[in-house]
Structure formats: C-alpha cells, structure tokens
2 protein chains.
Amino acid sequence: MKFEAVTIKDIAKALGVSTSTVSRALRDSYEISPETKQMVIECAERLNYRPNPIAQSLKEKRTRSIGVVVCEIANNFFSQIINGIESIAYDKGYNVIISQSHESYEREIMDLQYLTSRSVDGLLISLSTETSDVSHLKALNEKGLPIVLFDRVSSEINAPSVVIDNFKGAYEATEHLILNGYRRIAAISNSEFLSISNERIAGYKQALENYGIAVDPQLIKHCFYGGMIYSEIEEAVNELMILKEKPDAVFTASDKLTTGCLKTIKRRGLRVPEEIAIIGFSNTEIAELIEPHLSVIRQPALEMGQSAIQLLLQQIESKRPITQIEKRVLSPELILGASSLPRKLS
Amino acid sequence: MKFEAVTIKDIAKALGVSTSTVSRALRDSYEISPETKQMVIECAERLNYRPNPIAQSLKEKRTRSIGVVVCEIANNFFSQIINGIESIAYDKGYNVIISQSHESYEREIMDLQYLTSRSVDGLLISLSTETSDVSHLKALNEKGLPIVLFDRVSSEINAPSVVIDNFKGAYEATEHLILNGYRRIAAISNSEFLSISNERIAGYKQALENYGIAVDPQLIKHCFYGGMIYSEIEEAVNELMILKEKPDAVFTASDKLTTGCLKTIKRRGLRVPEEIAIIGFSNTEIAELIEPHLSVIRQPALEMGQSAIQLLLQQIESKRPITQIEKRVLSPELILGASSLPRKLS
DNA sequence: ATCGTTACCGGCAACGATTGCGTAAAAAAA
DNA sequence: TTTTTTTACGCAATCGTTGCCGGTAACGAT
C-alpha cells in the first residue's frame, strides 16, 4: 500500500477495459454486466486493490475524518471522552484527528486552522480556558462546517452540544456537605470565563442560599489554569487557610483541582474530614485507593464522547442542514466516600 | 474552508496569470519575477488562500499524518505517551490519527489496515496483548512503511523502537523489597506473550536469585488482559492469599495491575505494608494521595512518546532507508512511598 | 428496412496542486 | 543588426477516482 499501490488503472490494464468500467463495477453500478463485475471484483481481490481515499476525498470533498480539540489528552476526563469518540468513529469508518489546546486561545486557533485545512468533515471541541471570543468557531460553523461542542461550551455558537448538568452536580455536592453539618464551605473552581466553571459555582451558591447560608466571596477561589499549574491550587488553598474564619469544607470543581487540593491539604498535615472535608468533580478510577476515600462527582465521560460524535455524524451525514439544535445534558453521579463524612462537633 | 474554499485557480483568475505561476510564486520558485511573486502572495493573503492538503497528498504521495495504535487511550501511561507524540507532531506539521486495539489482535489488524488505507506516512505502535504473530507488521514494514515500535515491541520486526528498561525497573523494585526485609515476594504481571511482561518477570527473578532467594512459581501470576478486567486481578490476588505460605510482598508489573491489586488488598482488609507490601509499575499522578503512599516504578511516558515520533519523523524525512536500526532504552524511576517500608518483624 | 430501446462500456474532464517542457519577450553578446 | 542567452511565464500532464456524455451493438417493434 506504500510504494506500489494498486490503482484502478492497473486493473483496467490487466483486464483490457477502461478505468470507468472498473470504477463502476466496483461500486456495483447497474450499467455494468454481471460478468464484467465478477471479473473486475476478482481481479481487484487478486491484486489486493484498495481504493485510494485521498483521491476519493479530492473528488467527493469529504475526508471521513473528524477533528477533536481538547485542552489536554493526559487527563482522565478527556481521555475517557476520546475513548468514547474513537470507539464510535471507528465503527462508522471515520478517523479521529486529535489536537490539544493546552488551555491556550492561540493554540486553539492554530489547531482549528490546521484541522480545517486538513478538511475534516466535522469538529468536536471543548473550549480552552483562555477562549472568551468564539468568533472563529462561529465563522467556521456558519461556513458550513458541522460542529459539536462538548463539556466547555458557548451559547454564542449555534451548534449542538453535550454537557454535564454542572449546576446539579455542584448543587448536590454542596447540599451533601451542608446536610453533613458543614457550614463554611469553600469552593475552588476554574477560570470564571469557563461555562462549566460558572455553572458549578452557581450550583454551589444556590445550595448555600437554599439552606440559608450566606455566600462568602472570600471562600470562592478561581484557578485560571484549572490546576494545570500546581502552584495555583496550592496558593488558593493557602489563601483559604489563613482566613480568620477558616473553611470547614471545600468543594472543588474539576479533576485536577480536586486531587491537587487534596494534595495540598495533605501536605499541610490537615486531617480530612475532621479539619476540612472535601468533595469535588473527578473522574479518577482510584478514588477508592485514596485515603480517606474521596467523595467525588463523577462525570459520564465515555457517554459524553459517544453522544458528541453521534450528534456530529448525524449532522455530517444528513443532507440538509439541521435546524433543530440539540443540546444533550448528562447527569453527573455523586459517589460518596469518607472525605465528606458528617462533621463531628468538637 | 468548507464550501467555497479558495484555490490556486481563483488567485490565477483574479490576477490574470496561470495556475503554474501562482503555484510557483507561492513556493518561491526562482523563475518567477519578484513583482509577480509579491502580487501573488498579496492576493493569496487577501483571499485567505490555504493550499488543499488533499490535493497535495495526491500529488506528492504523502499525507503528513501518522498513525498511532495503542491498546487503550484512557490509561495514564498511554495518554501521556500520546501527549508526547502529539506535541512534537504538531510542531512539525503532522497530524496524529489514533486507534485503539483494545488488546485485541483482530482489532489491531483492522486498525492497521485502516490506517494504511488512509495512507499514513508512518506508524507508531505498541502491540496488543493478543498479538503474537507480527507478520502483518513485518509485511508493512518491508513494503516501505516507516514504523517505530514503542513499549510493547517485537524483535521480529526490523524497525526502530523505544522501550523502557523493564528488566532494570523490575530488578530494582524487587531488590528494594528484598533489602527492606521481604522474602516471599509475589509478582503479578501481564500476559506472558508480551515482551514487557517477560522482561519484568526476568528482572524480578534475577533479583531474587542474586539475593539467594528461590523463585517460587506459585508466586508468579499472569493476568492475560493486564487488568482491563478487574476480576482477573482479584482472582490472582486471591490465589496468592490462600497459599499456605502467603507472600509478604507483591510486585506488580503494570499500572492497572498495581492499582487493581492494591484495591483488592484493601478490600480484603489487609494492612499495607505490615501484612503485605506492594510496589509496582504505575504512572498515576496521585500516588501521593494513596494511603499508604504507593511505591511505584514510574515510566517516562512523555519522553517515550517524544522519542518514538522523533525516530519516526527521522525515518520519514530521510531520503534513503535507514540502515541503522536504533533502539532507545529509557530508564524507569523508582519513587518510594510507604507501601514498601522496611518490614517490621513481629 | 427503419426506428427506438436497452444494456454496456469508453473517453473526457474534473477535483487542486505540482512540474517538465516549451517558448515569447527582454536582455546581453556577437 | 543579428544571434545567443536569460528571464518569466504558460501549457499540459500527472496523482487516483468519479461523473457526465456519448457511442455501439443487439434486439424487438413498427
């Protein structure tokens, strides 16, 4: 398939027919006699012919490949999503081209440029932290490139999306802490520019309000890079712990933040949950191994990936542009461990 | 870039020159006058022209894309490797097409078929557990497809490779256990068909022998799917724990095996390291959060990915076939925690 | 005998970019 | 002024595949 690839011409020459005939025979056209078809198909098999997808792409203006942009591959949540995407794409004969934005707006633009220049048939993207202006995506979408947003979305783009019910996840986690007796609950979240971040903080606030606890802005920390840089988390935790009224619990809004926060807490020698309880978003598969067992809000990452690519393929393979913009909302799951056990009053 | 992509023809028409002139001007050919070049370049920018890589591929018989086959994306070790691959590929203008074999030989064959039919310029692969026959890869390689093997390799294929010094990692881990006073050291490893598995077990055995400890076959367990199926590990541990002479320590030979084994041990309520010590290969970023802190052999995954793609690009971009088959060996790193602390004699 | 169908198949062009070859015009050499 | 050289560009083929148009033979109908 590399140097001496067999082409339709070789078959034509071998059989003494025209390339058009071969092409049609292979595509099972009605205007080719059964005998010729038979002959062509046999010859193709004998020569181990594989159609050249490059040439097909050039003609048909489709590449059967889709682009995926995430901030980071080496991340439980995103690698699980990619797993979901890949599995379905594979079944449908599409291939997946992966790019990382590393949370950089510029890099995201570059990625997109690159992917579109490679003529992907569609795009799956979770926005970078730095991305506040989405006009590049809007432009692409309006030009007719099928796009599906997932996880970190933007309402400005008129495209289907798959998200987690972030509000609910955060609300339930916070409520759980409240019901277990915690009152000064801190929140550590990603950049405030991120959709997911705001929704999660909103859920957190709503829970506090519903239970008559005042929201204290001092207790809300944002880590711009979402914990990609560990010192960011460390600083946030430190700032919380030097408060006059220290928090008795903390809610963390992402995977890296959760593990990073716990790491800092442990390094400071604080006992969990006695001195500070913790619950957070995380897709780690080893919450059970962490001491104390970590209470987590788990996101259905695999399903998210599958949903996203399904929506995309649906869009790609439908002839007419979709008018109905579907927005799928998946529910996160609360998995309770010992890190948020009922508060023991001392 | 989707519907009304600007082509070289559009520029030619707009400027009243031929497409060849445009092409040559854009490629900075010496036979185009500076003024014309200037004009063409300006026009190209104005129209936001992007060369169509599909057409280029068809002509140049290269796609600037490389295929990657791993058993599983959602795995710390492999996602870190992919991160390394992607970062360098991106810089060099290549894109990365990812496939998962899910440890299945058949699926691996399919993946390969798919990737080669997409005319990737090169291939990066870590063999599936089930793969014992590598003739498909040999054939591909001999046909001229540049291949680099990583992690799970086969000596039958005449291609560059990047591996971890598995023997050393296992040896040092086992030695560490011995020096800390453990004597009945069990080993849980992947399928015995896997190169890495054998090397790690060999290192384990060598360490035992060097310290005058007899190798007990009963203490060596193989999990065919390397822990993809949790029950496999559970069973292995259970078998070890019903032995008359129970092990006092266990060495685990992969990420999933390590965490899975610890999970089982914890579920059985065994104290670590008092009742059983553990050390194993793992690339988790949160070993520190695990109680007791997990002693791990950490593999330089990012570097492995980077090394592999460098070797591949080197091969792709060199005119003549490489005669020197390079085999890079990276050193694993022992990171000691509390799970393998010196044995307290009771 | 002529015409219209039907069944089959080939030629040509096109997708977008690149390139060897040819050549007109300009510049240099005679 | 004529010849040669250089400069600068166009033509057409090519990569592998497919779509459109057209053509031919065979056959039955008129």
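All values below come from the heavy atoms of this structure, side chains included, with hydrogens, waters and symmetry mates left out. Convention: sequence-line order gives letters A, B, ...; per-chain numbering from 1. Predicted, not measured: the structure shown is a model, and the values here were computed from it.
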Rounding to a whole Å, what distance do you find between [X]:[atom1] and [N]:[atom2]?
{"X": "Arg118(A)", "N": "dG16(C)", "atom1": "CZ", "atom2": "C1'", "result": "15 Å"}
{"X": "Ile32(B)", "N": "dT6(D)", "atom1": "CD1", "atom2": "C1'", "result": "15 Å"}
{"X": "Leu26(B)", "N": "dG16(C)", "atom1": "CG", "atom2": "P", "result": "16 Å"}
{"X": "Arg62(A)", "N": "dG16(C)", "atom1": "CZ", "atom2": "P", "result": "17 Å"}
{"X": "Ile54(A)", "N": "dC15(C)", "atom1": "CD1", "atom2": "C1'", "result": "13 Å"}

* Are the charged groups of Arg107(B) and Glu86(A) less than 4.0 angstrom apart, N to O? -> yes
* Answer yes or no: is there an ion pair linking Glu103(B) with Arg152(B), defined by an N-O contact shorter than 4.0 Å? => yes
* When the aromatic ring centroids of His102(A) and Tyr90(B) are compared, is their separation below 6.0 Å? -> no
* Asked: For Leu302(B), what residues pass the side chain to side chain contact (heavy atoms under 4.5 Å, CB included) criterion, not counting sequence neighbours?
  -> Asn83(B), Gln306(B)
* Could you tell me which residues satisfy side chain to side chain contact (heavy atoms under 4.5 Å, CB included) with Ala308(B), sequence neighbours excluded, listed by chain and number? => Leu124(B), Val148(B), Phe150(B), Val162(B)
* Hey, does Val17(A) reach any base, or is it just sugar-phosphate, or nothing, if we go heavy atoms under 4.0 Å? ->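 Sugar-phosphate, no base atom in range.
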* To do: Report which part of the nucleic acid Thr36(A) touches: base, sugar-phosphate, or nothing (heavy-atom distance under 4.0 Å, all strands).
  =>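 Touches sugar-phosphate only.
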Might you list the N or O atoms of the protein lying below 3.5 Å from N or O atoms in nucleotides 15-22 of chain D, with each pair's distance?
{"from": "dC15(D)", "atom 1": "OP2", "to": "Lys9(A)", "atom 2": "NZ", "distance (Å)": "3.2"}
{"from": "dC15(D)", "atom 1": "O3'", "to": "Lys61(B)", "atom 2": "NZ", "distance (Å)": "3.0"}
{"from": "dG16(D)", "atom 1": "OP1", "to": "Lys61(B)", "atom 2": "NZ", "distance (Å)": "3.1"}
{"from": "dT17(D)", "atom 1": "OP1", "to": "Tyr49(A)", "atom 2": "OH", "distance (Å)": "2.6"}
{"from": "dT17(D)", "atom 1": "OP1", "to": "Asn52(A)", "atom 2": "N", "distance (Å)": "3.0"}
{"from": "dT17(D)", "atom 1": "OP2", "to": "Ile8(A)", "atom 2": "N", "distance (Å)": "2.6"}
{"from": "dT18(D)", "atom 1": "OP1", "to": "Arg27(A)", "atom 2": "NE", "distance (Å)": "3.2"}
{"from": "dT18(D)", "atom 1": "OP1", "to": "Gln56(A)", "atom 2": "NE2", "distance (Å)": "3.1"}
{"from": "dT18(D)", "atom 1": "OP2", "to": "Ser23(A)", "atom 2": "OG", "distance (Å)": "2.9"}
{"from": "dT18(D)", "atom 1": "O2", "to": "Lys59(A)", "atom 2": "NZ", "distance (Å)": "2.9"}
{"from": "dC20(D)", "atom 1": "N4", "to": "Arg24(A)", "atom 2": "NH1", "distance (Å)": "2.9"}

* **Atom of Gln56(B), atom of Pro51(B) and distance for their closest heavy-atom approach** =>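 So the minimum-distance heavy-atom pair works out to NE2-CB, 3.7 Å.
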